[in-house]
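The next block holds one structure in the form of structure tokens; read it before the comments.
These values consider heavy atoms only, across backbone and side chains, with no hydrogens, waters or symmetry-generated copies.
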Amino acid sequence: MRAALGATVVVCAVMTALPGAASAEPMTVPGAASDRGAGVERISVATDGTQGDGDSAGATITANGRRIAFASSAKNLAPATPATGQRVFVRDQRTSQTTLMSTLTPPIQPPVISGDGQYVALWGLLQRDTTTFLSRVSSASTIGINCSGLSCSQPSLSTDGRYIAQVATFSRPPSRQRIEVQDWQANHTQTVTEFGHTVSARPSISGDGRFVAYQDGQAEDVFVWDQTDDTSADPIEGPAKAATLVQISKDGSKIVYISGSDTYVQDERSGADQLVPNVRGVAIDPTGRYLLYAPHDTNGPSLTLRDLETGTDEIVSNQPASAGTDAVSAGGRDVVFHSTADDIVPGDTNGKSDVFVRHLY
């Protein structure tokens, strides 16, 4: 079954409704909105610049910084937006166009945009269960992505959007879960691991689909699965620490995890950890060099970007702000975040949470 955006039928099987990744436009940095220079812009606005009449949050950015996906309850950002519930939008910084992605279901969690900006994945309800929906940005057509369980959730996309790592849960109420990688174009699924519990097991996939970092929320361990030999090594943090996954970089070189009050950035090849003490890691850029973090000290900036090679920091926001994974473009040029502060940009009078992008150079 297939359904385009706006149809009344919700898709529950994957076929070939969306064009393959081979037709995707190349991901290039030239022409990205970051060429405007350093500064901050509000993203959760309509194409004509009208500010949203509802809360916006959960932003995710492409590798070249051109496109930003976010969730919003605003009803005035794009034509045909449903009157109730949150929806997913994409803002193209080159064209200043804001596009509604799907009316099929409100998202349960923030959306995820592929690194090349061609696809957006969201996690929403399908009758009593949840599923992953995939929208093609150029046409806003949407399909559902199957998994082996009753519910599919927590998608993570490869750079070209072809591979989706997600969690499948079984039985009702759910009693076990499986992390899978779906090649939706070939309709092929690989199992990464399975747990006999439903404590958080959120996956994060590398850009080429080779590596999947994931956590065992019950054991408080983080693992990395390698598609080439279908294996997962021992917990990357070792036997002495509890760990929570943040993200694997899209080039597969770095894995960010939190242990206690500290953040660690592990080199995938050497296994060496770089300690970033007393901060909460939030995201890492696609090259693995720039770490977005939130200091535990609330007297300073709320979000800071660190160059892991030089150890230098750039303030992203002094005002209270939040961000998620996939919030940093390649080379640390752009960072997306959301905030209720009304003094980040001029003319912010809606009294709502808005999405912003900080251009650092």
Side-chain angles (χ1 to χ4, degrees), residues 21-22 24-30 32 34 60-69 112-119 121 155-165 179 181 183 190 192 202-215 222-233 236-237 245-258 263-276 281-293 305-312 314 323-336 360-361:
E25 67 184 47
M27 182 196 70
T28 56
V29 171
S34 302
T60 171
I61 194 168
T62 57
N64 67 358
R66 173 178 172 177
R67 288 173 175 160
I68 297 168
V112 181
I113 195 166
S114 61
D116 63 3
Q118 300 305 304
Y119 298 100
S156 178
L157 291 180
S158 63
T159 296
D160 62 3
R162 175 169 181 165
Y163 299 99
I164 301 175
I179 298 177
V181 175
D183 179 347
Q190 279 188 274
V192 174
R202 183 182 60 84
S204 177
I205 195 168
S206 63
D208 59 2
R210 174 180 172 179
F211 297 106
V212 175
Y214 62 93
Q215 65 186 38
V222 173
F223 302 87
V224 177
W225 173 80
D226 188 340
Q227 185 187 53
T228 57
D229 55 13
D230 194 21
T231 60
S232 298
I236 68 171
E237 78 280 2
L245 175 67
V246 176
Q247 184 180 10
I248 188 171
S249 61
K250 287 305 177 185
D251 68 355
S253 68
K254 300 292 194 300
I255 303 100
V256 182
Y257 68 91
I258 296 170
T263 293
Y264 295 83
V265 182
Q266 184 169 114
D267 184 277
E268 192 279 329
R269 289 192 176 183
S270 68
D273 279 336
Q274 184 173 351
L275 170 64
V276 187
V282 175
I284 195 162
D285 89 299
T287 71
R289 175 168 174 170
Y290 294 89
L291 173 72
L292 180 66
Y293 69 83
L305 190 71
R306 172 162 296 184
D307 184 331
L308 295 170
E309 291 189 9
T310 65
T312 56
E314 292 276 358
T325 57
D326 299 310
V328 187
S329 68
R333 299 188 74 186
D334 314 279
V335 180
V336 288
L360 292 168
Y361 61 91

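At least one donor-acceptor pair under 3.5 Å links the side chain of R202 to the backbone N or O of L245. A donor-acceptor contact shorter than 3.5 Å links the side chain of S158 to the backbone of Y163.
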For this session: Just do the side-chain contact (heavy atoms from CB on, under 4.5 Å) check on R333 and L360 with the steps written out, would you?
Result: CA-CA 5 Å; R333 299 188 74 186; L360 292 168; over 6 Å; no

Exercise. Does the pair V246 and T263 meet the rule for a side-chain contact (heavy atoms from CB on, under 4.5 Å), with working shown?
Worked result: CA-CA 9 Å; V246 176; T263 293; 5.6 Å; no

For this session: Check step by step if side-chain contact (heavy atoms from CB on, under 4.5 Å) holds for Q215 and I179.
Result: CA-CA 10 Å; Q215 65 186 38; I179 298 177; over 6 Å; no

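Contact of the R67 side chain with the Q118 side chain is registered, since non-hydrogen atoms from C-beta on lie closer than 4.5 Å. Side-chain contact between Y290 and L308: absent, with no pair of heavy atoms (C-beta onward) separated by less than 4.5 Å. No side-chain heavy atom of S204 sits less than 4.5 Å from a side-chain heavy atom of T325. By the 4.5 Å heavy-atom criterion applied to side chains, R210 and V181 are not counted as neighbours. At a threshold of 4.5 Å between non-hydrogen side-chain atoms, the residues I113 and D326 do not count as touching. Counting heavy atoms from C-beta on, the side chains of I205 and K250 come closer than 4.5 Å. With contacts defined as side-chain heavy-atom distances shorter than 4.5 Å, the pair V335/D285 does not qualify.
Scanning both residues, D229 and D226, for their nearest heavy atoms gives OD1-O, 3.2 Å. The two residues E237 and V222 make their nearest non-hydrogen contact at OE1-N, 3.2 Å. The shortest heavy-atom contact between L292 and A323 is CD2-CB, 3.8 Å. A283 and G324 make their closest contact through CB-O, 3.5 Å (heavy atoms, listed as atom of the first residue, atom of the second, distance). Counting all heavy atoms, side chain and backbone alike, V336 lies closest to I68 at CG1-CD1, 3.4 Å. When every heavy atom of D251 is checked against every heavy atom of S253, the shortest pair comes out as OD1-OG, 2.8 Å.
Atoms CD and CG, on Q227 and D208 in that order, are 8.0 Å from each other to the nearest 0.5 Å. In this structure, I236 CD1 and I255 CD1 are separated by 5.0 Å, a value rounded to the nearest 0.5 Å. Distance check: Q247 CD to S156 OG gives 7.5 Å after rounding to the nearest 0.5 Å. The CH2 atom of W225 sits 9.0 Å away from atom OG of S206, with the distance rounded to the nearest 0.5 Å. To the nearest 0.5 Å, atoms CZ (R269) and NZ (K254) are separated by 10.0 Å. To the nearest 0.5 Å, the span separating CG on D307 from OG1 on T312 amounts to 4.5 Å.
Partners of F223 under the ring pair (Phe, Tyr, Trp, His ring centres under 6.0 Å) rule, at least two apart in sequence or in another chain, are Y214. For the ring pair (Phe, Tyr, Trp, His ring centres under 6.0 Å) test, residues two or more places apart in sequence or in another chain that qualify with Y257 are Y264.
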